[in-house]
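Here is the naming used below: chain letters follow the sequence lines, and residue numbers restart at 1 for every chain.
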Amino acid sequence: MAKSDVKLLGAWTSPFAMRPRIALNIKSVDYEFQEEDWLVSKSELLLKSNPVHKKVPVLIHAGNPICESLIIVQYIDEVWSSGPSILPSDPYDRATARFWSAYIDDKWFPSMVAFLFAQEEDAKKAAIAQMEEGLVPLEEAFGKCSKGKAFFGGDRIGFLDIAFGCFLGWLRVIEKAGGIELLNETQTPSPLKWAERFSSDIAVKELLPDTDKLAEFRKKAQAKMTANN
Amino acid sequence: MAEEVKLFGACGSPFSSRIQVALKLKGISYEYIEEDLTNKSPLLLKYNPIHKQIPVLLHNGKPIVESLVILEYIDETWKANPILPEDPCDRATARFWAKYIDEKCVAAAGKAFWAKEKEREKAVEEAWDCLKTLEGALKDKKFAGGETLGLVDIAANFIAFWLRSFQEIFGVELLTEEKFPDLFKWSEEYVEHPIIKEYLPSRDELIVFLNKRLQNLNLK
């Protein structure tokens with residue numbers, strides 16, 4: 001397929017934008033990447049392709065825009081069906097993967113946002129406690145989903161690995177800033193080991209942002225948002 | 001192996017109703033278990049320990065939770081009368097709008113209904129924005145709205161019935177014929193669909209449901 005048929009609008013700082021990129025890598029699909037510098041401004045193409053949310057990522061395939069990161073990942077899995085599967089084949093396992101992905105986005109991610117935007121120490125502490133507590137169920141989830149293998153998806157990276165793993169960059173920024181271990185030996189030994197494996201996977205390696213660079217970006221973003229207020 | 005399908009639901013819940021509609025569409029027999037949301041059963045808490053919510057679908061002893069996840073599971077397990085289209089692009093579109101309804105519209109409507117006096121105006125404006133977006137989607141034919149019910153139609157039950165019922169009960173005008181003529185007309189036709197109709201609560205049942213919700217929220 002011609003590279004120009006597949007375009008992804010994303011941002012190196014966005015965990016959500018990383019998801020479809022991992023999926024495209026798994027499927028060995030060539031694509032054109034357009035970096036959106038969202039701190040500065042959003043491109044015409046982004047606003048036109050995602051008028052409802054005006055956010056990355058957006059996949060543009062043969063002229064059709066697809067929005068919402070996990071919806072894009074499923075789309076990629078369905079279109080490039082000859083490549084390695086991203087969602088499991090069994091409907092119950094698929095439901096389990098979708099459940100935990102929704103949990104991460106709807107329940108856990110907000111506590112991460114709360115920390116990143118917290119001004120006061122108390123608010124930061126509360127957000128960290130919530131993040132830690134929110135990660136605990138993933139220990140059991142890993143056992144159930146992986147069935148003894150290396151990843152949530154089994155032998156290879158799958159849907160839930162992508163859904164959760166994309167946050168590792170920011171997770172590390174927070175761990176460094178807070179002097180804590182969100183994934184740790186005591187409460188989440190399996191996800192802790194999984195995180196190493198995920199980060200070194202060939203479909204993921206080049207996409208995970210450098211912790212220090214991300215921390216720098218965070219400072220810039222905080223300054224800009226404070227200035228805007 | 002004999003199929004064993006059970007549904008833990010609550011009369012008055014749009015999310016519960018969605019699953020009943022889907023199971024009916026597919027012609028699946030199941031046992032329905034009514035949950036009292038002010039006194040959740042040990043079984044419910046066992047099958048949905050994370051969210052402790054209905055609906056829960058139990059298929060041969062395995063629980064599936066979260067209504068949109070359950071709908072996809074049902075579609076993948078029982079092939080008759082597909083809920084999702086075949087084409088990947090159409091599927092992505094259906095998933096997008098179902099997600100939009102749950103994440104934005106249901107949340108915005110909830111905010112508008114439960115808002116304190118001084119926050120109400122802003123909350124109502126936000127809810128109107130959502131409805132305006134939906135009206136646009138309807139015009140672009142993103143909801144089937146016809147004989148066959150798809151994922152977005154099923155998810156939109158909240159908009160067509162619950163939102164309209166709640167706006168009467170709470171006295172907060174959201175979906176009006178003047179502001180959203182196409183969406184309004186669609187909602188009138190929607191609630192007459194034979195399968196949808198069968199799983200809509202009566203006004204009294206809805207009030208009981210709301211009161212239980214209030215009890216849970218300790219707002220009385």
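Options B:Pro63, B:Gly136, B:Ala137 differ in how many heavy-atom pairs under 4.5 Å they form with chain A, and the most are formed by B:Pro63.
Contact check for B:Ile50 versus A:Phe99: side-chain heavy atoms found under the 4.5 Å cut-off. Side-chain contact check for A:Val52 versus B:Phe96: some heavy-atom pair is nearer than 4.5 Å.
With a 6.0 Å radius and a threshold of 12 heavy atoms from other residues, nucleotides or ligands, B:Glu34 has its CD atom above the threshold. Within 6.0 Å of the NZ atom in B:Lys111, the count of heavy atoms belonging to other residues, nucleotides or ligands does not exceed 12. Atom CZ of A:Phe117 is surrounded by 12 or fewer heavy atoms from other residues, nucleotides or ligands within 6.0 Å. With a 6.0 Å radius and a threshold of 12 heavy atoms from other residues, nucleotides or ligands, B:Glu198 has its CD atom above the threshold.
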Short of 3.5 Å, which donor-acceptor contacts do chain B and chain A share? List atoms and distances.
from    : atom 1 : to      : atom 2 : distance (Å)
B:Pro63 : O      : A:Tyr92 : OH     : 3.0
B:Glu72 : OE1    : A:Arg98 : NH2    : 3.3
B:Glu76 : OE1    : A:Arg94 : NE     : 2.9
B:Glu76 : OE2    : A:Arg94 : NE     : 3.1
B:Glu76 : OE2    : A:Arg94 : NH2    : 3.1
B:Glu76 : OE2    : A:Arg98 : NH1    : 3.1
B:Glu76 : OE2    : A:Arg98 : NH2    : 3.2
B:Arg91 : NE     : A:Glu78 : OE1    : 3.0
B:Arg91 : NE     : A:Glu78 : OE2    : 3.2
B:Arg91 : NH2    : A:Glu78 : OE2    : 3.4
B:Arg95 : NH1    : A:Glu78 : OE2    : 3.1
B:Arg95 : NH2    : A:Glu78 : OE2    : 3.3
B:Lys99 : NZ     : A:Glu68 : OE1    : 2.5

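With a threshold of 4.5 angstrom between heavy atoms, B:Pro49 does not approach chain A through any atom at all. Using a 4.5 Å cut-off between heavy atoms, A:Pro91 contacts chain B through both its backbone and its side chain.
A pairwise comparison of heavy atoms in A:Ala95 and B:Val69 identifies O-CG1, 3.5 Å as the closest pair. Here the closest heavy-atom approach between residue A:Val79 and residue B:Pro88 is recorded as CG2-CB, 3.7 Å.
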